Structures are given as C-alpha cells and as structure tokens.
> 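What follows is a structure written as structure tokens; I'll ask about it next.
Chain naming here is simple, since letters A, B, ... match the order of the sequence lines and numbering starts at 1 in each. Atom set for the values below is all heavy atoms of this structure, side chains included, hydrogens, waters and symmetry mates excluded. The model shown is predicted, which means the values in this text are computed figures rather than measured ones.
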Amino acid sequence: MLSLRPTHTLALCILLRALLAYWISPSSVSSTAGFLSSSSPLTSWLNLQEGIYLFKRGIDPYSGGVFRHSPLYLSLSSLLPISIFSNPLFCAILFTVADAFAAYALIGIWRLRQGLRLTMESSRDSLLVAIYMLNPCIFIPSLARSTSSLDNACLLGAVMWACEACGSGPGGKSENESVVSSKRSRSKSRSLLLLALRTHLSTDTLILLPPTMMLILSQDPGSRLASPRGFVPGTKNKSTLTTPILVLLAEWFLYWTLLTLLSSLVVGFGSGWMGQTWGASFTLPDLTPNPGVWWYFFTEMFDHFRPFFLMVFSVHLLLYVAPVCIKFQHDPLYAFFILTGILSTFKPYPTLSDPGLFMALWGVFPEVYKYLRHPLVTFLTSLHALLLQPLFAHLWLSHGTGNANFYYATTLVGACSGGLALVDACWAGLRIAVGGVEGVDERGEEKEVVTQQ
Amino acid sequence: MNNRWRPLNFLRPAGDPNLARIKRRKALLSLIARRVSILKVALFIAGYVWMLAIPSSQLDRGVFIDENALQPGQVNTYWNWQQVHDADHFLSQLEFLRDSNATSEQRSQFIMNQFVKIGLSASTQDYEFTGVHKGVNGTNAYAMLSSPRVSGAEAMVISASWLSRTNEGDGTLNLRGVATVLAFSKFVKQYSLWARDLIFVISDGYMDGMQAWLSAYHGETQSNLRAQRLDLTSGVIFTAFNIDYPGHSLSHLGIFHEGVNGRLPNQDLINSFQHIARRTGVPVVLYDHKDEPEQLSWLPEAIRNHHEIKTYAAQARNLWRNVGYQASGRGSGVHGLFHKYRIDAFTMFALPATGPHGFYSLGRIIESTLRTTNNLLERLHASFFFYVMTNFDRFLKIGNYLPSAILISVAMMFGGLQVWVDAAWTKRQSEESKGPEPALMIWARRRRPVLQALFIMIGTHFFGAVTFFLLSSRWYNSISIGPLLLFPVTSLLPLVVPSFIPQNRSDSVAPLSLVLKAFNLCLSSTVISIITVLNFSLAACLAVALGIPLSADSLSSNKAVQMVKYSAYLGLGIGWILWGDMTKRMLWNWDVLGVWLLPFLCVVYFPLTLQAALVCII
C-alpha cells in the first residue's frame, strides 16, 4: 500500500467505501456496529429527512424538537427532490465524496506542512488516505449517514486552504508576486468561507477558529515544534498584527452573517432555528445516549443544578483555547490538532467522527512519534472503547442484560483514551523542542544518545 | 527556610522536591518493570487456578428469588386427572400419526385441528431453508388464547418441538411434550385469570421450526429462510417454556437454560421453576445429570466420598456441560432461540424413567409456573443475567467467575507491553570510549516497524475472512474432500509471507517478529476481555487456548524448529477444520440459527494463532 500512488490509493479507497456504503444499509450499521456512537441527534440523517419532509409540507421543522440541523440543509432540499435523500446511491456517493475530499484535504495539509505545493506528491500520501478513508471511526458514521462526516470534510478543507494561505507559502520564490498574493487571498477566502459554513453546521467550530486564523496569519505551515519561538506572522509589516486580525475576523464575520441571513431566509425570516440548532450545544435538550460524557451526567442531574453545570461544561471547553494557542503559537496547526482532541473528548454531542478526526490528524505529525510516552497504551485503550461501545449498547438495548451504566462506563473508557492521547500529544509536542532521546549504559546511568531514525 | 517547622517532615527528604519526585517515580516504574515477568506468571497462575476453582462450593452461593411479584408456588393448582386423561387421549392420537408415518403437513394440520376443536384460534406455518442447507423444511402449528382480562399487549409462550432434545435432536420424538401442550391449551381455556395472551407453539424439527416461527413472529428476514407469514400475532413475548418429555414417565425434571450465542435467561425464571417443582414433589436437576459422576472411581474411597470432593466433581460436570453449550453458541435447546429476541426462556426436560411421575405432576408444575409469570408486571429484570449455574440451586455471581479470564487477559497484556518495550532497545558498543579498556555497552533506542506489523495483522484477518467465505460456500460443502483441500491451502499459503518482508537486520530497527508478537498479545488480550461479558465460556476457552501458547512463541534460528512451531500454531488455530462433522455442525448453526461461532473462529481466532505462527518464522 505504501508504494501505491496516492491517486490510486484514493481511487481504491473510494471504490471500496462506495461499495460498502451502497451495500450496507444505515439501519444495519446502527443496529450492529455503530449503534449509539455513529450519529447524534444533531447529525442524524434520519432526523434530517424528517425535517426536510416537514419543511416541504410547509410545517416549521424546528417546532417539533427533533430536527436540529442547520437551515442550510433545508435550502438543499429545495434544489433536490425529496426522494433523493433516501436514495442509497445518492447517499453512498455523497458520503464517499465527502470523505474523499476530507482525505484529499488531509494530504494537502501534510504536503503544505512539508513545504511542498498542494499538487506535489509525497511518500506519505497513500498512508494518510488509508488512515482517513479506512478508519473505522470515520467510515462507520459515514455508513450510518451521520452528517458529522460532512462537518469533518468542511473543517479539513478549511484547514487545508488556511495552510495554503499562510504568509510566505511554497512557490513564493519563483512565481510572480501578484499571482501568488491573489492565489493566497483566494485560499484565505475559501478557508474562511468553509469555517463560517462549519460554524453554522456545528457550533464547536468556534473553539477551532483561533488556531485556524493563527494558521492563516502565520508565516508558513511547516513544523516548528522542534524550535519554539514567538508567533511569527506572515505579513510584510511584522510589527502590527491588529489590522490583519481584524480584517480576517471581519471577512469571517461577513460570510457568517451572509449564511445566517440565508438560513433565516430559508425558514421564512424567523430566528427560532437558532435556539434549536446552535442552542442545542449549550442547553443539551436531547439526552439520547452518545459516546460523549455529557448525556449521562445530565440525565442524573437535578433540574435546578442544570443551568449551572451546563455553564461549567461549556466554559470548560472554552478554557483550553487560549492556553493551547499560546503554548503552541509557534505551530498553530499543532494547536488545532490538540483542540480537535479536546473537542472529541469533551464536546456535548460527539459522534465517532470526532475521535476519528483526531486520530487521522495524528498522521500529519510523524515528527513527534519518537517522543510519545505511551502510544501503545493509548491505542489499546481506544481499541477497548471502540469495541466495548457497540457491545455494551447491544447488551443494554437489544440483549436487555445490561443497562445504561454499562454504556456510560465505556464512554468513560473512551474519554480516558482521549485524555491519554491528549496528554501524550501535549507532552510530545513540547518534548521535541528539548531534543535528544536518552540512552542508558551498562551501569544504568543515563546518557544522551541521539539515534538516527 | 529549611529550619521551618513542617509537619510530616520525615516524608519530605532534603533536596530538590521535583528531582525527588522524578526519582521516586523512576524507582517505582523500574520496580514494576524488573518484576513484570514474575507478575505475568503470577497472573497466569492466579487466572488458571481461579478457573479451576469455579466449580468448588466455596465460590458459589444458593439461589434466591429476587422479584417479589413472582410469588412462586403460592396458588392452588387445578390441573387434575381429567386433564391427564386428555393428555393420554392426545398422546394416543399422536402415536397413531407417528405409526402411520404422517408428513409434517399432516401432523401440523392435525394439531391445528385439535387447537380449533378446543376453541382456540390456530394456524400453521410452512418454512423452508434455502442455500447450503436446502433440505431443511417443515410446518409449525400454533394457537393463541387471547387474554380474557387485558388487551393482548404481552404474551407468554408454551412450546414443544416435534423432536426431543435427546442427543441434540437425534430423532427421538417429543410426543408426550406435544400432548402436554395440547392438553394444557384445553385446560387453560377454562380459566379467566390470564393477564397475558398465551401462545402454544408446536414447532417442527428440532431447532429449525422454532427459528422460522420466531423470525416470522418478529418480522425478521433471514436471507436463506422462506417462512410463511403468521396469520395470528399477539404482543411482546415476555417468557417462554419449552416442554421436552421424550420418555414414558419421568423421574426428575432437568433445567436447560443456555441460549444461542451464549445468552442466558433471567435467573428468577429458573429459580421459580425449581422452587415450584420441588414443592410439587418432583426432584429437579441441572441438565440430565441425575447420577453422581463416575469418573472419580480411580480415587481412594476416603477421598472420593469426601463431601467437598463429591460436590466439586458434580459441579464440574455441570460446568463442563455449560461451557459446551455456551462456548459453542448453539445453546442447549429450542428455548435458546427465544433469547435472541430478549425473551426469557428455558426447557423443562423430563428425564426418561419408568416412574414415578408423569403428566399429572408435570401439568401441575407448568400451571403453577405459568401462574407465577402471569403475576409479572414488567419483564424479568431483577435477579441476575450474568451468572454461572453450578447446580440447579447453586450459582456464581459475575464477580466470582469473571476475574479468572480477565486475569489471564491482563497477563497477556502485560506480556505484550513488555515485548513492545523490549523491542525498542538494543545493546551496542558505545562510540565514546576509545581507550584501551573494553568499550562500554550502552542501551540505545531503535525504531519499531509498526506499520509492517499492522499490515500483517490486517492481512491475516482478511485471510481468515476468505477462509470463512470458502468454508461457508456451497462449493466447499458439496465436495467430501473439502477439509483435506482447505487445510493444506490455509496452512501453507501464509508461508510466503516471510519472502515479502525486507530482511533488514540492522541494529537501528527492531525485528518485526517482536513487534508482531507484542501486537498479537495485546489484541488477543483485548478480544478475551471483551468476550467475557458476552459469552464467558467462550472467553474462558480462548484464555486457555491462547493464554500460554501465544505468550510462548518466539523466533528461533533453526529452520526445523521454526517449522515445528509454525505447524503447532496452525494446528491449534485451524486444525478443527479437519473434523468435518464439527465444521458441518458449526456451519449449520451459523447458516440456520445465526450462531456466530464459525465466523468468529475464522475471522478472529484463527488469525490470532496465525500471527503467532508468523512470529516464529519471520
């Protein structure tokens, strides 16, 4: 597989995935493999279909408390016939294309980080495609038609273009300055547009905005983990950052406002959808079990403590943003990576796609592997969580021999594995700057031995 | 500052506290790391000893009824000699059918007519299996009594299969069981105290008929089953009793409770039944073990007759049966199929004897048990779902048997992690010392070929899936020498793997076999510990089959030794294929009943041993 050309690997994976998606019905995925983990109330395809159906019948889909997708999905339905949303072929193509695009974006991120151009091949491409396309955490939600797969594609696309929009990106030497700068601003706009879109589809993007914008502003997306320094902006005028930041924010805000207006327009100039879609991440109205750690806590919660703990849980997510972005200011992509890990572990409505994204992004940072302290332990904990989640959901819901505590216990195992991975990622990302891997001599004394790898 | 008074000063040594902390941590880690081999052995021993201790009377406890609503044995029963007469009457008609070699259709038609005459709504259902097991077909008969008291949202099933479970459905007819169900349906029609619909099912064949009936009842489609839709349906089935009465009379009632794929019914159901049966005066046993085990005859009499030893032997025999039914996933009878649909069910097996009991006692027990479950307001949920029965009135709670397999799995995990850490280090000469004294040996890190090992593992599982595909294909099952063809192919094909692997025995890269071994041990450990909650017997078997063998594999320099080890692992992994009958039965179970033992063996178990085999040759 390693010797395959990336395009061939991608084509193979697409073929395999499309066949899988076409042959395996989402209901059989959710009843055997994915179950509760594959989609959440915010990303369920079934809920989307119901919402579209109601919308087409002229009923406000947001009044029922079931439909929590963005109105942008409803705007799709006015362009497409309603039957197409239950067509297996259409769904197979849609989700496979989304994942293929995400895999392509992942390769793009890797190439740009290596200082290559987006179109230049590297030896790691095939592996990255396989890591993304054949990752069970990614393809099970896709087979179950969870819209979190589309969210992932959107996010990875935004990051890829953010990498391309970096200050003195690759190719800056040979090509004409004006061509380069226009290309760069185009990438920047694409990235910001996708970010605004992703903010609409999933509110947790707000947490990923700072590192992504830092990435756009930084000098280049290459790995700076081994040589930490202050943030180096890519602008000509190195002294002031205020203006570029404001411009960037303004552009993002412009797209975001336009999309908001569009959304309101779709549902007839109302704003009731905001509480149902964005608000759901903050008020947790639907406690359908999911692989996250919120739902069980809030089913057990007395009602008068609920607002307080909702606030605590939400603020807890926000707490990480500034420290991570400051500590890894020399490498914003790494900060982004750490924050996806934090989201996949602690976000209110996660699906398997979120840990899947975190897992796939590991592939972009091979330079830190050497410094990981317990990679196998982390991997085995994730494996246990991944296998136990469907099993215990099965014992609880179809066997009838288990109960909700079984499933919650496995989501805690999942959270532990996420935590282990995060701690190790932070450690390795910082440890690499110190350099050198220790050796031990016969007498048990430690000494610095740098081995070539 | 150092002179400041601090409480617990003796816990804080002088010097840099951070340095002290790091040193302490290192000391602790090296303490564990140096003893990990001993720890591993200790865990293995503890696990196996615990496994051996499961049948002992020290770990189990007496059963008790947890659900207060059940109130077993608190009612007056009305079943009497009149009903026994009815049963005898039905029996004589059934015997006539048997003697006239009636077809399934005629039989089921007759049974349906009897139901209709009694005044129940009744119907029949034809079914036929296609695909590999083409010949399996038949006709079920069933009847329903609508609950006189409430709307039929819930139901209870009383069933009997045409073939008895004697020797796994060897052809012994369950005529008295069928007669009991018929007489019982006539009997319950007279009473208005039923709070659930009662469904009477006489399924054809041994397991296949009930599989077809239950699939149709729950609207499940099975690709190789053509089953007629049911004309009559009722609500959710809570409990089911399967009656198996192959002999002329009965001496004991045996409990068979294991379901397909290792499921177990709620223990309250079994406990109520054995409580009622013993109150009625019929002795109860687990399975059909009414005599004491004879295997102990070689022991001196003093030891043989020791109470503890006798109990151990009897309970070990019960446990052995339990493992056989649970690990194989085939269940111990027709009741096992109900478990798939979350219905608590068991088989009451009338041990054939010349006396003293018969229809009279059996009917009273069934009536009382049915009245007990009639009391339930919701599904059985109290009591235990995870248990091991060592006797009809003794059982082990989950905490007393689960750790045995988990300990072995943890030992394997430690072994895997130890190999993984060892693979990262190599001893080589230090470059620094140029002097006349011998060069210092230093431990240096080396790279571990993770991806190659992962590809090999994925490849082996894929290979296992292909093996399963071949095993379950029609082609394989149509030729008699199938096993003799498949076994050499599956065992020789992996031998090409070493030639694909680049042989770079450099100092800076760890040998692939070490990394593969580490991953293999970790994955096996994960599989075992996860299976424990699903099917403990299977997990225990895996722990025995994989635990020590997988920990003991290693690469040797001698080619002959390599091949011996390789073939030993393959024999362990895929040798069962040569027992054609066993494979056929597993395939039948998979194809007809959906028992996942065969795919599990092919896709998970065989690849794990194959990886161990590859460790020996690459």
> What part of B/F386 lies closer than 4.5 angstrom to a heavy atom of chain A: side chain, backbone, both or neither?
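The side chain, not the backbone.
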> Main chain of B/L214, side chain of B/H218: is a donor-acceptor contact present, judged purely on distance under 3.5 Å?
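Yes, B/H218 side chain to B/L214 backbone: donor-acceptor pair under 3.5 Å.
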> Any sub-3.5 Å donor-acceptor pair from A/Y334's side-chain atoms to A/A425's backbone N or O?
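Yes, the answer is positive, given that a donor and an acceptor are paired below the 3.5 Å cut-off.
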> Considering only heavy atoms, which portion of B/F519 lies under 4.5 Å from any heavy atom of chain A: side chain, backbone, both, or neither?
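The side chain, not the backbone.
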> Need one label for A/F406: side chain, backbone, both or neither, based on atoms under 4.5 Å from any heavy atom in chain B.
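Only the side chain of A/F406 comes within 4.5 Å of chain B.
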> Does B/V410 reach the side chain of B/F414, with side-chain heavy atoms less than 4.5 Å apart?
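When only atoms from C-beta onward are counted, B/F414 and B/V410 do touch, with a gap below 4.5 Å.
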> Spell out, as yes or no, whether a donor-acceptor pair under 3.5 Å connects the side chain of A/Y407 to the backbone of A/L395.
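Between the backbone of A/L395 and the side chain of A/Y407 there is no qualifying donor-acceptor contact (under 3.5 Å).
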> I'd like to know whether the aromatic ring centres of A/F365 and A/F337 sit less than 6.0 Å apart in this structure.
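Centroid distance A/F365-A/F337: below 6.0 Å, so yes.
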> Which pairs, with at least one residue in residues 16-29 of chain A and sequence neighbours excluded, count as a salt bridge (charged side-chain N to carboxylate O under 4.0 Å, His left out)?
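For residues 16-29 of chain A, and leaving out neighbouring residues, the salt bridge (charged side-chain N to carboxylate O under 4.0 Å, His left out) pairs sorted by first residue read A/R17-A/D99.
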> Which residues in residues 258-269 of chain B have any heavy atom closer than 4.5 Å to a heavy atom of chain A?
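Hits under 4.5 Å: B/R263.
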> B/V533 versus chain A, heavy atoms under 4.5 Å apart: side chain, backbone, both or neither?
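Looking at B/V533, backbone and side chain both touch chain A.
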> Check whether B/S529 gets within reach of chain A through its side chain, its backbone, both or neither, counting any heavy atom under 4.5 Å.
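Just its side chain gets close to chain A.
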> Does any heavy atom of chain B fall under 4.5 Å from the side chain of A/F392, the backbone, both, or neither of them?
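Side chain of A/F392 only, per the 4.5 Å heavy-atom cut-off to chain B.
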> Between B/L542 and B/L608, is there a side-chain heavy-atom distance shorter than 4.5 Å?
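In short, these two side chains do not touch, never coming nearer than 4.5 Å.
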> If we count only N and O atoms by modelled type, under 3.5 Å, do the side chains of A/T9 and A/S126 hold a donor and an acceptor together?
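Yes.
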> Is it true that B/R379 and B/E67 make a salt bridge, defined as a side-chain N closer than 4.0 Å to a carboxylate O?
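No, B/R379 and B/E67 are not salt-bridged.
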